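Below is one structure, written out as structure tokens; the observations come after it.
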Amino acid sequence: MASAEQVNLLRELPAVDEVLRQYQIEELLQFNPRSEVVEAIRNVLDVTREEIISGAKHSVDVEELVNDVVERVKQSARPNLRPVINASGVILHTNLGRALLSERACRAVEEVSKGYCNLEINLTTGKRGSRYSAVEDLLTKLTGAEDALVVNNNASAVLLALGALASGKEVIVSRGQLVEIGGSFRIPEVMEQSGASLVDVGATNKTYPKDYERAITQETALLLNVHTSNYRIVGFTRETTVEELVHLGQQYNLPVMSDLGSGFLVDLAPYGLPKEPTVQETVKAGADVVTFSGDKLLGGPQAGIIVGKKHFIEKMKKNPLTRAVRIDKFTVASLEATLRAYLDTDKVLQEIPTLRMLTDSLEVLNEKAGQLAEIITDKINDLAEVTAEEGLSQVGGGAMPTAHLPTGIVRIAPKNITVEELVTRLRLGEPSVVGRVQEGSLILDVRTLQNNDTEPLVQALIQSLKL
Ligand SMILES: *Cc1c(COP(=O)(O)O)cnc(C)c1O
């Protein structure tokens with residue numbers, strides 16, 4: 001039984017129409033669908049009614065109801081996919097969308113999104129053209145390969161290449177290279193999907209050319225090398241090189257494929273990063289087919305790039321699977337723009353965000369961290385202890401697992417809330433911020449902060465540190 005007070009309170013609850021006439025709601029209606037606003041009003045009224053009945057509420061305040069409605073509508077109107085400030089220091093963060101596109105690539109995507117483009121028309125002849133032609137010449141020029149093809153991602157590139165080269169036949173691969181990439185991409189399973197059967201040879205830590213040679217039979221169609229991009233076998237090790245596989249392949253008339261994972265077009269060893277095989281080196285070593293990702297170290301859009309000998313690539317182009325994993329115009333546009341940056345070896349490290357973040361000097365990063373710590377200290381009064389320090393960033397994206405890049409960090413130890421609470425608030429905030437937790441402090445790594453991040457980051461921190 002409801003008490004007299006409760007009955008009165010329930011009577012005081014405004015009707016939906018009445019709430020709709022409040023000026024804040026009228027404002028809300030200018031930018032939000034009426035149905036969404038009405039739904040939010042109903043929900044807020046329902047919740048309030050229940051609170052009154054359960055005895056949790058002892059007054060009805062229309063202004064409070066209206067504020068709740070505004071908050072609800074704003075929350076549900078926030079895009080589900082939204083920008084995140086990456087202060088984790090992980091450059092290729094798979095969960096945060098991997099590579100950032102260059103300005104030039106973003107412009108290219110915008111142009112082909114707003115208007116029509118010559119995706120599949122040859123403007124010289126007026127006849128039908130190929131969507132791959134915009135990037136084919138650039139890829140062959142940059143890698144030294146005879147031909148190129150681009151598909152949706154590198155997982156599909158590997159699937160397509162294995163299917164074209166070895167379906168119904170055997171593929172020989174080193175036991176130390178049966179990699180699993182995040183999200184259940186495993187070489188043995190991809191092999192099965194492609195219709196090829198896997199013959200693994202050697203030991204986990206050592207595989208010699210003679211191990212491959214002993215496994216060659218009438219059924220062998222391909223010698224496969226997989227770059228162990230996300231792990232390293234160290235110590236007493238021996239891997240067979242692509243050159244050695246090519247030499248063996250020539251003796252037995254077998255093609256060689258190399259899945260590089262991350263597609264390096266520039267050697268970053270001079271910048272203190274681990275030596276990784278570039279695509280050019282692998283092509284030069286004689287690999288018939290080379291596959292790599294567009295959005296790992298290349299720093300472009302999600303894509304799987306296949307370069308190699310013409311007759312193999314032609315065969316893949318005719319495979320119906322190619323149509324199923326084809327790229328869209330946004331990928332063509334952004335990949336072309338990304339590849340064009342590589343034509344200028346002097347400027348590419350600055351133009352491609354991934355390369356820029358990889359090669360930023362410790363001096364610059366420390367200075368950035370010092371400045372950020374100062375701004376934060378200035379704004380947050382006594383809500384946290386803030387210091388600029390040196391730390392380590394990671395490459396991420398399953399690339400260069402052993403590389404630890406010295407960086408500048410800002411350490412924030414909150415005084416009034418726990419660090420876990422701070423991390424949660426930052427993640428849910430506007431904008432969302434992702435950092436790292438270390439020894440009870442929040443770590444903001446400046447390496448992965450972009451030019452316009454400082455202001456919104458500081459705002460988000462102020463909001464989150466308040467009790
Ligand atoms: C990352 C990776 C893949 C998968 O590439 P995606 O572009 O993520 O599909 C395949 N092989 C290797 C060796 C990789 O490192």
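Because the structure is a prediction, the values reported are computed rather than measured. We count ligands from 1, going down the list as the structure has it; atoms in each ligand are counted the same way.
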So does Glu213 have more than 12 non-hydrogen atoms from other groups sitting under 6.0 Å from CD? yes

Decide whether an N or O pair under 3.5 Å exists between Ser262 and ligand 1. no

Under 4.0 Å from one or more heavy atoms of His227, ligand 1 contributes atoms 13 (C)

List the closest protein heavy-atom neighbour of atom 15 (O) of ligand 1: residue, atom name, distance to the nearest 0.1 Å. Ser229 OG, 2.4 Å

Restricting to heavy atoms, the pick from Leu92, Asn154, Asp295 nearest atom 3 (C) of ligand 1 would be Asn154

Looking at non-hydrogen atoms alone, which of Val158, Asp259, Asn225 comes nearest to atom 12 (C) of ligand 1? Asp259

Within ligand 1, which atoms have a heavy atom of Phe185 less than 4.0 Å away? 10 (C), 11 (N)

If I apply the N/O under 3.5 Å rule, does Val179 come out as touching ligand 1? no

May I ask whether Arg98 places a heavy atom under 4.0 Å from ligand 1? yes

CG-CG distance between Asn152 and Leu159, expressed to the nearest 0.5 angstrom: 11.5 Å

Among Thr228, Thr240, Thr207, Asn225, the one residue meeting side chain to side chain donor-acceptor pair (under 3.5 Å) with Ser174: Thr207

Is it true that Asp360 and Arg447 have a side-chain N and a carboxylate O under 4.0 angstrom from each other? no

Note the single closest protein heavy atom to atom 2 (C) of ligand 1, along with its residue, its atom name and the distance in Å. Lys296 NZ, 2.5 Å

Lys210 to Tyr208, cation-pi by 6.0 Å centre distance and 45° axis angle: yes

Is the count of non-hydrogen atoms from other residues, nucleotides or ligands lying under 6.0 Å from Glu363 atom CD greater than 12? no

Under 3.5 Å: donor-acceptor pair, side chain of Glu244, backbone of Thr241: yes

Hey, does Gln302 sit under 4.0 Å from ligand 1 if you only count heavy atoms? no

Gln177, Glu276, Glu239 screened by side chain to side chain donor-acceptor pair (under 3.5 Å) with His227, the one that passes: Glu276

For ligand 1, is there an N or O atom under 3.5 Å from any N or O atom of Ser293? yes

Ranked by distance from atom 9 (O) of ligand 1, the top protein heavy atom is Ala155 N, 2.8 Å

